[in-house]
Each structure stands twice: as structure tokens, then as C-alpha cells.
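Each chain gets a letter, A, B and so on, in the order its sequence line appears, and its residues count up from 1. Heavy atoms only: backbone and side chains are in, while hydrogens, waters and symmetry mates are out.
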Amino acid sequence: MNFSDLGLSEKVLEAVTASGYTQPTPIQAEAIPHALARRDVLGIAQTGTGKTAAFTLPMLTLLEQGRARARMPRTLILEPTRELAAQVEESFTKYGANQRLNVALLIGGVSFGDQDAKITRGVDVLIATPGRLLDHFERGKLLLTGIEILVIDEADRMLDMGFIPDIERICRMVPFTRQTLFFSATMPPEIQRLTETFLHNPAKVEVARQASTATTITQRLVGAGAEPHEKREALRNLIRQQPEFKNAIIFCNRKRDVQTVYRSLQRHGFNVAALHGDLDQRARMAALDSFRNGSTQLLVASDVAARGLDIPDVSHVFNYDVPHHAEDYVHRIGRTGRAGKKGVAITVVTSDDKKSLAAIEQMIGASIEWQGELPPQGEGDGERRRRAGGRRGGRDGGRGRSHDGQAETRRSETESPSPARAAGSRDRQQSHERRDRGPRPAAGEAPRPERQARAPQRRPEPEEPPVIGLGDHVPSFLLRSVKRT
DNA sequence: AAAAAAC
């Protein structure tokens with residue numbers, strides 16, 4: 001299958017070729033002919049599957065006929081976040097290079113003036129987040145009665161974000177006769193209802209199941225103390241330990257933690273940027289740009305960055321927090337291991353995260369490899385080392401932390417051996433054995449018995465201090481076989 | 001337990 005077999009126009013094909021693409025992805029191969037035939041399309045696909053081009057390319061072809069009129073855009077694309085909207089705009093710029101089309105981006109956080117001016121001149125492609133679109137509409141500067149094609153992207157995310165009433169409103173404002181291209185990674189009942197209401201006999205195009213995580217991603221769990229400073233220190237060690245590190249996105253659950261972790265990494269000399277929704281638009285764009293062009297290696301982000309953002313070549317994803325919703329986990333780790341590349345996703349787990357972790361493992365249909373405890377240690381500045389050494393003899397202020405063990409595994413590669421660490425060698429071997437066992441079973445395969453079998457050897461000896469948290473102790477939920485859906 | 005999106 002080649003792009004030239006899909007019925008796209010010469011101009012669009014030339015732009016696609018110029019970008020270096022010859023073969024369409026499955027969603028593109030399936031959706032483009034339907035879209036060109038003016039059919040409604042229901043696309044069930046995640047980002048990273050080539051979804052954006054699946055609607056951009058046929059739209060560009062269809063837009064070659066006709067001309068935009070003042071204040072009456074011809075097509076409308078709705079996106080849940082500003083970054084995604086900007087990304088779609090780039091796609092139109094790239095593939096529409098051989099056409100004279102007016103594209104406008106209507107997102108919040110920037111001034112109305114430029115947006116207004118563009119609308120007034122007439123736009124062929126309007127890309128918008130719902131809030132700003134409705135704002136323009138209510139000011140009476142925008143007419144939606146000329147819309148020929150409506151695209152609703154990431155519908156399930158719009159649902160999560162409470163946009164569905166806005167989407168329904170917008171759907172009722174555009175002409176009944178328009179063509180609708182509708183994309184969602186999942187099909188919860190509410191989305192199902194929406195498609196039944198607003199799509200007419202759609203061609204259903206489905207690629208890759210929602211909950212499946214790419215096999216190119218190596219997933220691991222590491223334990224850490226639940227105290228913020230312990231987690232931050234664990235994170236720093238984790239970053240330093242990675243053998244094939246290129247760059248990483250670090251996900252936090254809360255915006256203020258994004259800020260804290262960002263500042264902390266900065267103080268410790270890391271090249272880092274932050275991305276969350278409370279930053280002004282310029283800062284958001286700057287963070288994303290510097291990460292994309294490689295001038296920044298670390299991006300600390302909230303879930304604003306979890307879905308859809310196209311950042312090629314991310315070698316690592318670190319979950320500083322376990323996400324509360326299992327599907328967020330899937331989206332976060334999906335930022336790495338893209339386009340056939342290898343990726344590593346490591347989640348920092350504390351004693352507070354058992355429930356969320358169990359839900360995640362249930363959703364992905366497998367248990368995630370447990371790498372062991374990652375104690376805060378080894379800043380290389382003596383001060384920390386003393387603290388770490390001092391802790392060895394007793395407990396650290398009574399806070400939970402198991403005996404040293406698998407945590408030694410990789411640290412030993414980055415630091416010179418010390419007598420205190422030699423004790424970890426037994427566990428280190430075990431840890432390597434575990435890793436060498438290969439990938440976990442995919443969903444649908446039988447649960448693997450060795451999980452039960454190897455568990456006892458990782459329990460602490462009875463005379464050791466009681467374990468608080470997720471050190472070498474294996475919580476009971478990890479020993480249960482995983483329920484599959 | 002949160003984040004996101006309009007001013």
C-alpha cells in the first residue's frame with residue numbers, strides 16, 4: 001500500500017513525498033479513502049498511529065475545490081488541548097505547503113486580535129479548543145454555517161475534561177449536511193451516544209486496542225519512600241542510572257508537584273523544562289520546543305502532556321507519581337517506544353500507591369516488573385553519602401524503608417564500589433536474573449507461575465526491621481494473578 | 001487523590 005493509491009490530490013501527494021513518507025499507517029490507509037468519498041468516519045485510534053494525517057491529508061485534498069468566505073470557516077477541527085491544536089496546525093502547514101489555504105488556530109491564552117483578523121479574512125481550516133471557539137462565537141465574529149467538514153479529535157479525552165456539552169453545542173451549530181470525522185481512543189457509553197447522535201452511517205476504522213501498551217516499551221516499577229524529598233532524590237538517582245538515556249518526560253499528578261520537581265532538578269544541575277496548564281502559553285510552547293529540539297533533556301509535566309503530543313524519540317518516561325487513573329498510565333508511557341523505537345517507562349511507587357498500581361496492572365493485563373527499592377542515596381557529595389551510610393545501621397527517622405537489596409543493581413554501575421555496598425551483590429544477581437527472563441506475558445496468556453514461586457525469596461528475613469512501603473516486600477496484590485477483561 | 005479548558 002502506497003500513499004499514491006489512496007486517491008489524494010497531486011499537491012498533497014507531493015507534500016507527503018517531500019516529508020519523506022511513502023507508506024500510510026493502517027489508520028491512514030483505511031480512513032483516507034472514506035474521508036475522500038465524503039463519508040463520516042469513526043476512527044478508534046490512539047495518537048502515534050498517524051491519526052492526524054489520516055484527517056489532515058483528505059481534508060487538504062477536499063479543500064482544493066472552493067474558497068473561504070469572510071467569517072465563515074469551511075472546516076473545523078476540535079482538539080482538547082492547546083498543544084494538540086498547535087500540532088494539528090503544523091500538520092496543515094506541512095502537508096498544505098503546495099496550496100494556498102488559510103489556517104487559523106483558536107486557542108486560549110493568546111490575544112483575540114490576531115485570531116479575529118484571520119477569521120474576518122476567511123479561513124479554510126479552523127483549529128480550535130472548545131472554550132476559545134465558543135468565546136469567539138458568542139462575540140458574534142464567527143459563523144459556523146459554512147462548515148463542510150467537522151473533525152472531533154480525542155473525543156474520550158474531551159469527555160474526561162468535561163467538554164462534551166460544549167462539543168454537543170458546537171455540533172448543533174454546524175450544518176446538518178457537513179461531513180464528520182470523529183476520533184477517539186476508547187468508546188465509553190457517553191462517546192458511543194455522541195457518535196450515534198452526530199455521525200451519519202460512519203465508516204468505522206479501528207486500529208490497536210486501547211489498553212494495549214506497545215511491546216517496544218520496557219516497563220518497570222521502583223519503590224521509594226513516600227516523603228517528597230525521598231521521591232525527588234530517588235528520581236535523580238533513577239535518571240542517572242539509565243544506561244541508554246537520551247531524554248525523558250517526568251510525569252507528576254499535580255501541577256504544583258511539577259513545579260517542585262522541576263525546580264529541584266534545576267537546582268541539582270539537570271537540564272530541565274516544565275509543562276503544565278497553569279503556565280502561560282508562551283512558557284508552555286517554549287518548554288515543548290526546547291524539549292523537542294533537544295536543547296532540554298528532561299521535561300517535567302502534568303497530564304497535559306500525557307496524550308497526543310508528538311515528541312519523537314523520547315527514550316524514557318518516568319512516573320514520579322503513579323497516575324490515579326489507569327488509562328493515564330497507558331497514555332503516559334505511550335510517549336516513549338514510538339515508531340518502533342525502544343523505550344523505557346519507570347514508575348516510582350510508594351506505599352500510598354497500591355490501589356492505583358493494581359488498577360493499572362489489571363488494565364494492561366500484566367504485572368509490571370518490579371525492579372526493587374530505590375533508596376535515596378549517592379548524590380556523590382559526601383553529605384548524602386554520610387547520611388546514607390548512617391542509615392544503614394538503623395532506621396532513618398523511623399520512616400519506612402526496607403533493607404538494601406535490588407536497589408543496588410544499577411547504582412553500582414555508576415559509582416565506585418564501597419564496602420557497604422558489597423552486601424548487595426547477592427540481590428544484584430537475582431535482580432539481573434529476573435530482568436533476563438524476558439518480557440511479561442501479554443494479555444490473554446496464562447499467568448506465569450514463577451511470580452508466586454520467586455516471591456518468598458524477596459521477603460525480608462524475620463529479624464529485619466518491619467517493612468513499611470514497597471521495599472523488598474512484595475505486596476499481596478502483586479502476588480495475585482491478574483484479572484483480565 | 002488531578003488535569004485540562006474561556007475571560
Asker: I'd like to check the side chain to side chain donor-acceptor pair (under 3.5 Å) partners of A:Arg284; sequence neighbours left out, ordered by chain and number.
Answerer: A:Glu83

Asker: Verify the contact: side-chain N or O of A:Arg82 to OP1 or OP2 of B:dA6, cut-off strictly under 4.0 Å; return yes or no.
Answerer: yes

Asker: Write down the distance between NE2 (A:His331) and P (B:dA3), rounded to a whole number of angstrom.
Answerer: 17 Å

Asker: B:dA6 P sits how many Å from A:Arg169 CZ, rounded?
Answerer: 14 Å

Asker: Regarding A:Asp321, tell me which of base, sugar-phosphate or nothing describes its non-hydrogen contacts under 4.0 Å with the strands shown.
Answerer: nothing

Asker: Rounded to the Å, how far apart are A:Phe163 CZ and B:dA3 P?
Answerer: 15 Å

Asker: When the distance from CG of A:Asp303 to P of B:dA1 is rounded to whole Å, what number comes out?
Answerer: 17 Å

Asker: In whole Å, I'd like the distance from the OH atom of A:Tyr320 to the P atom of B:dA1.
Answerer: 19 Å

Asker: Using modelled atom types and a 3.5 Å cut-off, is there a donor and acceptor pairing between side-chain atoms of A:Ser290 and backbone atoms of A:Ser295?
Answerer: no

Asker: For A:Gly162, report the nucleic acid contact type (base, sugar-phosphate, nothing); a contact means any heavy atom under 4.0 Å.
Answerer: nothing

Asker: Around atom CZ of A:Arg38, are there more than 12 heavy atoms of other residues, nucleotides or ligands at under 6.0 Å?
Answerer: yes

Asker: Would you please name every residue forming a salt bridge (Lys or Arg N to Asp or Glu O under 4.0 Å) with A:Arg39, sequence neighbours left out?
Answerer: none

Asker: Measure the distance from CG on A:Leu84 to C1' on B:dA3 and round it to the nearest whole Å.
Answerer: 14 Å

Asker: I'd like to know if A:His276 reaches the base of B:dA3 with its side chain such that a donor and an acceptor end up less than 3.5 angstrom apart.
Answerer: no

Asker: Roughly how many Å is it from CG in A:Leu106 to C1' in B:dA6, rounded to a whole number?
Answerer: 12 Å

Asker: Under 4.0 Å between a side-chain N or O of A:Arg284 and OP1 or OP2 of B:dA5?
Answerer: yes

Asker: Using the side-chain heavy atoms of A:Lys255, tell me which of these nucleotides is nearest: B:dA3, B:dA2, B:dA6.
Answerer: B:dA3

Asker: Please state whether the phosphate of B:dA1, meaning OP1 or OP2, lies under 4.0 angstrom from any side-chain nitrogen or oxygen of A:Lys355.
Answerer: no

Asker: Checking side-chain polar atoms at under 3.5 Å, does A:Asn102 have a donor or acceptor matched by the opposite partner on A:Arg121?
Answerer: no

Asker: Could you check whether A:Asp166 gets within reach of a base, just the sugar-phosphate, or nothing at all, counting any heavy atom under 4.0 Å?
Answerer: nothing

Asker: Starting at atom CD of A:Glu79, determine the distance to atom C1' of B:dA6, rounded to an integer number of angstrom.
Answerer: 18 Å

Asker: Are any of A:Thr129's side-chain N or O atoms less than 4.0 Å away from OP1 or OP2 of B:dA6?
Answerer: yes

Asker: Would one find a side-chain N or O of A:Ser302 under 4.0 angstrom from OP1 or OP2 of B:dA2?
Answerer: no

